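Below, chain A is the first sequence line, B the second, and so on; all start at residue 1. A quick note: this is a predicted structure, and the numbers were derived from the prediction, not measured.
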Number of protein chains: 2
Amino acid sequence: MSLYKFSPETPSGNQPLSSSLFSRLQTDILTGKIRSGEKLTEQRICEQYSVSRTPVREALRQLEMDGLIESIPNRGAYVIGLSLQDIGDMYQLRKIYEIQAVRWAIERITEKELDQLEETFEFMEFYTMKSDKEKMLNINTYFHQLIYSASHNRMLQHMLASYQIYIKHIRTTPRNDDEYLHLVLEEHRAIFEAFQKRDVEAGARAMEIHMNNSKARSI
Amino acid sequence: MSLYKFSPETPSGNQPLSSSLFSRLQTDILTGKIRSGEKLTEQRICEQYSVSRTPVREALRQLEMDGLIESIPNRGAYVIGLSLQDIGDMYQLRKIYEIQAVRWAIERITEKELDQLEETFEFMEFYTMKSDKEKMLNINTYFHQLIYSASHNRMLQHMLASYQIYIKHIRTTPRNDDEYLHLVLEEHRAIFEAFQKRDVEAGARAMEIHMNNSKARSI
DNA sequence: CGCAGTATAATTGTATACAAGTATTCAATT
DNA sequence: AATTGAATACTTGTATACAATTATACTGCG
């Protein structure tokens with residue numbers, strides 16, 4: 001992933017229209033457009049999304065791996081979705097790994113990676129100043145991904161990446177206040193400064209605070 | 001999942017022949033039959049596994065979600081596989097969640113679930129006595145799944161279940177000694193006894209020991 | 001000999017057709 | 001009236017055909 005997409009010069013940068021059927025279904029389930037418990041027949045998805053059954057089946061398999069639907073052989077697929085309980089559970093679990101990621105990352109981060117993190121954080125400051133919430137969400141995700149990457153643990157990256165999809169949809173609660181952006185910024189500043197000081201415990205604490213607040217803000 | 005499959009009365013109980021293409025490919029990648037870095041063309045898989053492209057494509061999407069292959073649009077799929085580093089990473093990560101699972105499970109387990117855990121542990125004793133390593137592996141998996149389930153955290157179940165696949169293949173190092181079975185049994189006994197006493201800290205310690213030993217035994 | 005451009009081959013992406021399994025309906029029988 | 005059975009409709013599972021994209025090989029030109 002490149003940083004260019006966050007640079008001030010880039011135009012609005014909307015979602016790509018060519019987003020896969022999998023992503024579209026994922027979004028529609030997570031935003032509640034497709035309801036929990038609903039039966040998904042391949043035929044109906046074909047009609048509603050104007051695609052043939054081949055891509056539909058592939059998307060359903062992916063959703064199943066994500067735990068968003070349950071597929072019963074020769075019977076069909078049922079939407080599981082996320083309950084409030086699930087969301088709470090997820091934040092608890094994510095927190096555990098995010099803290100671990102910070103610990104390992106502070107121990108193992110390279111100079112180059114630290115520069116990237118600094119640059120990313122500076123973009124966060126810039127977009128907070130500009131009150132660009134959309135860009136903040138994207139760069140926020142990227143900031144965390146840099147930490148995963150700096151942990152130099154491929155499995156951890158993979159596991160935490162799988163949480164991001166949920167987070168992205170959950171945290172779209174309408175909260176336009178600048179205060180929100182500033183709070184998020186300061187939480188990330190604390191994390192970033194722990195990296196600069198190579199202070200593992202401070203990093204873990206800062207991330208724990210950030211996670212607790214994220215959870216609180218989301219519900 | 002039912003317990004019947006572990007009962008002494010059941011015959012040998014081999015793997016189902018109707019195992020999905022996804023599982024077969026997963027196994028072949030994890031056992032090294034399909035090498036890391038290898039390019040997978042859909043055509044070749046069709047021929048080698050005697051199926052058409054539709055199921056092949058579905059299996060590839062699933063493998064991609066698992067992180068076992070990397071699929072580049074219009075280019076093809078490349079096997080990533082697991083390095084020794086990955087396996088070590090995975091054990092570290094699994095340990096964190098297994099310990100958390102035990103903590104929550106001991107706090108939240110129902111009487112009925114505890115009975116199931118007891119029954120399962122007694123099967124472990126039985127198969128250790130009979131030196132049936134195959135059955136021990138299965139019931140070992142089941143023992144852990146009961147803990148996940150008793151944690152009453154659906155996300156945690158989902159995350160930990162995704163590790164089991166790897167574990168199953170990694171731990172097939174040829175170690176026929178009864179000593180191995182007895183060690184595993186005693187480690188599980190410690191965990192089970194912590195459940196009986198509802199001692200969270202003892203459970204966490206017992207699981208940590210079990211995880212450390214599992215890792216050591218696997219490498 | 002090297003390079004660019006084009007034609008060909010190979011591979012993935014998508015659509016459709018057919019087979020197999022499952023659910024539903026309705027009539028016949030008890 | 002309830003239940004069983006067969007026939008029908010529906011849904012998923014698989015195979016194949018076609019379109020779009022990418023890789024490769026070859027030819028012509030400098």
Whole angstrom is fine here: how far is it from CD1 in A/Ile45 over to C1' in C/dA15? 16 Å
Here's a test of your reading of the structure: between A/Val51 and B/Thr41, which maps to the more 5' nucleotide of DNA chain C? B/Thr41
Option among A/Lys95, A/Gln100, A/Arg94 that satisfies the side chain to side chain donor-acceptor pair (under 3.5 Å) test with A/Glu98: A/Arg94
Quick one: B/Glu47 CD to D/dA15 C1', roughly how many Å, whole number? 15 Å
Ionic contact status for B/Arg44 with B/Glu38, cut-off 4.0 Å: yes
Within the 4.0 Å heavy-atom criterion, would you say A/Leu40 contacts the bases, only the backbone, or no part of the nucleic acid? sugar-phosphate
Closer than 4.0 Å, any side-chain N/O of B/Arg57 to the OP1 or OP2 of D/dT16? no
For nucleotides 18-21 of chain C, list the nitrogen or oxygen atoms of the protein found under 3.5 Å from its nitrogen or oxygen atoms, one pair per line.
from   : atom 1 : to      : atom 2 : distance (Å)
C/dG21 : O3'    : A/Asn74 : ND2    : 3.4

Point-to-point distance, once rounded to the nearest 0.5 Å, from NZ of B/Lys135 to CZ of B/Phe126: 8.5 Å
Using a 4.0 Å heavy-atom cut-off across all strands, classify A/Leu60 as base, sugar-phosphate, or nothing. nothing
Ring-plane angle category for B/His210 and B/His144, please: parallel below 30°, perpendicular beyond 60°, tilted otherwise. parallel
Taking B/Arg217 first and then B/Glu187, would you say they form a salt bridge - that is, a charged N and a carboxylate O separated by under 4.0 Å? yes
Specify the residue among A/Ser50 and A/Arg75 whose closest nucleotide of DNA chain C lies further upstream toward the 5′ end. A/Ser50
CZ of A/Phe22 versus C1' of C/dG13: gap in Å, rounded? 18 Å
Nearest whole angstrom, please: distance from the C1' of C/dT22 to the CD1 of A/Ile72. 12 Å
Length of the line joining A/Gln43:CD and D/dC10:P, which is rounded to integer Å: 11 Å
Is the backbone of A/Ser83 close enough, under 3.5 Å, to the side chain of A/Asp86 for a donor and an acceptor to pair up by distance? yes
Using atom CD of B/Glu42 as one end and atom P of D/dA23 as the other, report the distance to the nearest whole Å. 15 Å
Given C/dA15, is OP1 or OP2 found less than 4.0 Å from the side-chain N or O atoms of A/Ser52? yes
If you count every heavy atom of other residues, nucleotides or ligands that lies below 6.0 Å from B/Ile72 atom CD1, does the total exceed 12? yes
